[in-house]
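Notes follow once the structure below has been shown.
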Amino acid sequence: MRKFQVYDSLAREVREFAPLVPPRVGIFVCGLTPYAPAHVGHGRGFVVFDMVARALRRWGYRVLYVQTVTNVDDKVIARAAEEGADPLALSDRYFREYLECAEALGIRSTNYYAYATDHVPDIIAQVQALVDRGFGYVASDGSVYFSVARFPGYGRLSGQKVAALQPGARVERDERKQAPEDFVLWKAARPGEPSWESPWGPGRPGWHIEDTAITGRIFGPRYDLHGGGLDLIFPHHEAEIAQAESATGEAPLVNYWMHWGLLNMGGEKMSKSIGNVSSLEGAIETHGAAVLRFYYLNAHYRSSIEFDPQSSLREAGEAYATLARPADRLFDLLHADGPERAGADLPSARADAAEALVEQLDQTLAQDFNSREAIALLFGWSRRLAEDLGSLERLSGPALEQLASPYRWGQDVLGLFERAADGRGGVGGAVVAVLLQARQRARARGDFAEADRIRQELRAAGVVLEDDATGTRWSAVRD
RNA sequence: GCCAAGGUGGCAGAAUGGUUAAUGCGGCGGACUGCAGAUCCGCUUCCUGGGGGUUCGAUUCCCUCCCUUGGCUCCA
C-alpha cells in the first residue's frame, strides 16, 4: 500500500492516511437529490472521487465506495406535484439520466448507489436508537427531532457555535422543536406524500438520517473517508456526526473528511435553486465527456473553479487535444499491430524516464490528490513525444508500451486517454481506407482536383482528413 | 453579524522559506504543406490583494485590513 496524504476538513490540515482495517478502505459520498437534470457542477465531485477511488485501488487498498441517492425529500415531492408525477418515479428517472452521464464520464468506481427508500428499516432503527438513548424526541404530530443540546461536539466540523447561529433569519421557526437548531430525523406524513409505517406513525426520513443509517448498515459505526461538496459541511455533515455518534456511542464516525470546491458560474455557485445551471448532459454532448473530465481534474479538487459556458470547455478541449495527441498515436499503432509488433527498442534513457515519470505521477497524486500537477507532468511528456511523432513507426510494441506507460497511468487513475469508439473499424473503416488510397494516387500524379473531390465527399459523409508528415489521418465527426 | 475557504501573469490554474514562480489557453514569429486543416519549433524576462512583523532572504510563516465565494434553508 502506497502512503498518501489528504487534507482533512475536521483537522483542518493535511494528514497521512491510515485505514481503520488495512488494506480495506470505506469511502462514502453524499450523492444527488435527483429532482431535476444534473448540471456541470454536480459532475465535478463525482469525477474527483472516482479518481480518488481509482488511485487507492491502484495503490493496493481494497476500496468499498458507497454513494447515496436521496430519492425522497421535499424538493422531489414538490417537483413531482408540479409535474403531476409520482415522486419516486420522478427521482428514479432523473437519477437514471445522471447515470448515463456518469457512464460517459468514465465514473465507474462506485460499488453501490444506495437509495434512501431502500434503507427505510435501517433509518427507522437508527431513529429508534436515538430516541431510546434520549437524543431524539417525538413531537406532537409524530415527527422525531434530534436535540442538538445533547451533543456537545456539534459545530466542530464547521467551526460554528450554536449560540451564533441565526435561526429565524432564513429558516422559519417551528413550534414543534424544543430548540431552533434541532433538526428533524423523521417527518410525519402529510396527505398525498410517500410514507412508511414507523413506531411514531406514518412518515418519511428526515434530511440527514439516510446517510448515517446507510453507512452504519454497510461500514458499521466508524469508517475511513467521507466526501462531499463544501456546501454540505453545515448543517448536513455536522448533523451526520451528531446523530451517528449519539446513536452508536462510538466516535469518530469518520476518520477523514474530504470536501471538494464548488463550481461557480457568473461569480456564484452553480445551483438549481439560483438557476445559473449548465446541464451536464449538454456539456457532454457538445464538448465530449473526456474534455469535461479533463476540465474537472485540471484544477485541484479543493479550489473553487469559475465555469464560463462560452470558453471554459473550449479551452479545455484545446488543451486536452494537445495532451492526448501523442497518446492517441501510440495507442493507434499498438491497436493496429498489437503488442508483438516488430521494431526498434527504446533508448534506455527514454525507458528510464518513462518509468521515473510514472513513479512521480503516483507521488504527486499521493500529495492530497494534486491532479493538476500530475497533468502538468503529462504535458511535459507529450511535449517530448511530439518531437518524434514521425519516428514512432520504427519502434517495437514493447518500446511503444514503454512510451505509453505515463498515459496508461492516466487511463488508470485519471480516466483520461480512453480510446473513444471512433467508428474506424468495420466496413466503413475499410471503405475509407480504399478512398484514402485512391486520393493518395491522385495526389501523387498531381491530380489535386480529384484529391480534393474525394476529401470533400468524405467530409460530407462525416469523415475529416488531415495530412501530415507521416501520411493522412482521418476521424469521424459529429455534426 | 458569526463560521469556513480563497485572493498568483491577458485568461485558466499549480507550487515553493532562497538560482530565470509550473502547466495550459490565448497572442506573436518561424517550419512544414499542391491547397485546407492540423502539427512541430521559438518567443510571450516587467504576475504572488494593501499594510506591518519574523528572517540573511517571504509569494510561502505571523498579525491586521480590504475584497471574493461558500455556509448559518434544500444544496455536489
Side-chain angles (χ1 to χ4, degrees), chain A residues 9 12 29-33 35 38-49 67 70 73-76 78 155 157-172 180-181 183 207 227-236 238 259-264 267-274 294-295 298-300 302-308 311-312 314-323 325-326 329 364 367 370-380 382-383 386-390 443 446-449 451-452 455-456 459 464-470 472-473 475:
Chain A
S9 309
R12 297 185 213 293
V29 167
C30 299
L32 283 176
T33 301
Y35 72 93
H39 62 242
V40 176
H42 291 129
R44 160 128 104 147
F46 302 137
V47 165
V48 162
F49 257 80
Q67 199 171 305
T70 308
D73 91 327
D74 292 350
K75 296 218 162 186
V76 171
L157 180 66
S158 62
Q160 299 274 12
K161 293 188 182 67
V162 171
L165 297 177
Q166 286 198 321
R170 297 174 74 180
V171 62
E172 283 184 34
E181 63 271 19
F183 54 86
W207 298 318
L230 221 41
D231 53 350
L232 293 182
I233 292 176
F234 192 94
H236 184 56
E238 203 75 74
H259 289 100
W260 58 77
L262 301 180
L263 182 138
N264 296 334
E268 51 188 348
K269 89 167 166 175
M270 184 175 288
S271 158
K272 283 176 276 197
S273 37
I274 297 171
F294 172 83
Y295 170 72
N298 199 210
H300 187 90
R302 282 195 284 129
S303 354
S304 64
I305 49 179
E306 174 67 28
F307 179 77
D308 181 338
S311 64
S312 291
R314 190 179 48 73
E315 280 182 19
E318 297 288 344
Y320 181 63
T322 301
L323 180 66
R325 190 168 299 113
R329 187 61 67 89
T364 298
Q367 203 64 36
N370 195 340
S371 55
R372 181 58 187 91
E373 191 64 22
I375 285 173
L377 291 170
L378 287 169
F379 266 110
S382 284
R383 199 177 177 79
E387 295 168 22
D388 41 37
L389 273 185
R443 291 175 77 198
D447 185 355
F448 298 118
D452 290 348
R455 182 168 65 197
Q456 278 180 8
R459 179 65 189 82
V464 174
L465 306 188
E466 288 176 6
D467 301 320
D468 63 25
T470 63
T472 302
R473 293 165 59 77
S475 53

Separation between CD (A:E306) and NZ (A:K269), nearest 0.5 Å, reads 14.5 Å
Under 3.5 Å, is there a donor-acceptor pair between the A:N370 and A:T364 side chains?
no
Are side-chain heavy atoms of A:V29 and A:W260 found at a separation under 4.5 Å? yes
Margin query: Given 3.5 Å as the limit, does a donor-acceptor pair link the side chain of A:E238 with the main chain of A:S158, or not?
Written below: yes
For a quick check, tell me whether the side chain of [X] and the base of [N] share a donor-acceptor pair closer than 3.5 Å.
X: A:D467; N: B:C35; answer: yes
X: A:R455; N: B:C35; answer: yes
X: A:K269; N: B:C75; answer: yes

d([atom1], [X]; [atom2], [N]) in whole Å:
X: A:F307; N: B:A76; atom1: CZ; atom2: P; result: 17 Å
X: A:R383; N: B:A22; atom1: CZ; atom2: C1'; result: 12 Å
X: A:L32; N: B:C75; atom1: CG; atom2: C1'; result: 11 Å
X: A:I274; N: B:U73; atom1: CD1; atom2: C1'; result: 13 Å
X: A:N370; N: B:A15; atom1: CG; atom2: C1'; result: 8 Å
X: A:Q160; N: B:C72; atom1: CD; atom2: C1'; result: 5 Å
X: A:I233; N: B:C74; atom1: CD1; atom2: C1'; result: 16 Å

Does the distance from a Lys or Arg side-chain N to an Asp or Glu carboxylate O, for A:R443 and A:D467, drop under 4.0 Å? yes
Report which part of the nucleic acid A:L465 touches: base, sugar-phosphate, or nothing (heavy-atom distance under 4.0 Å, all strands).
base
Considering only [options], which nucleotide approaches the side chain of [X] most closely?
X: A:A319; options: B:C72, B:G34, B:C25; result: B:C25
X: A:A451; options: B:G34, B:A76, B:C11; result: B:G34
X: A:R443; options: B:G34, B:A36, B:A76; result: B:G34
X: A:E373; options: B:C40, B:C72, B:A22; result: B:A22
X: A:R12; options: B:A4, B:U23, B:C35; result: B:A4

Separation between the P atoms of B:A21 and B:C47, rounded to whole Å | 9 Å
Q. At under 4.0 Å, does any side-chain N or O of A:R325 touch on OP1 or OP2 of B:U39?
A. yes
field: Aro-ring/base stack A:F234-B:G71, d under 5.5 Å, angle under 30°
entry: no
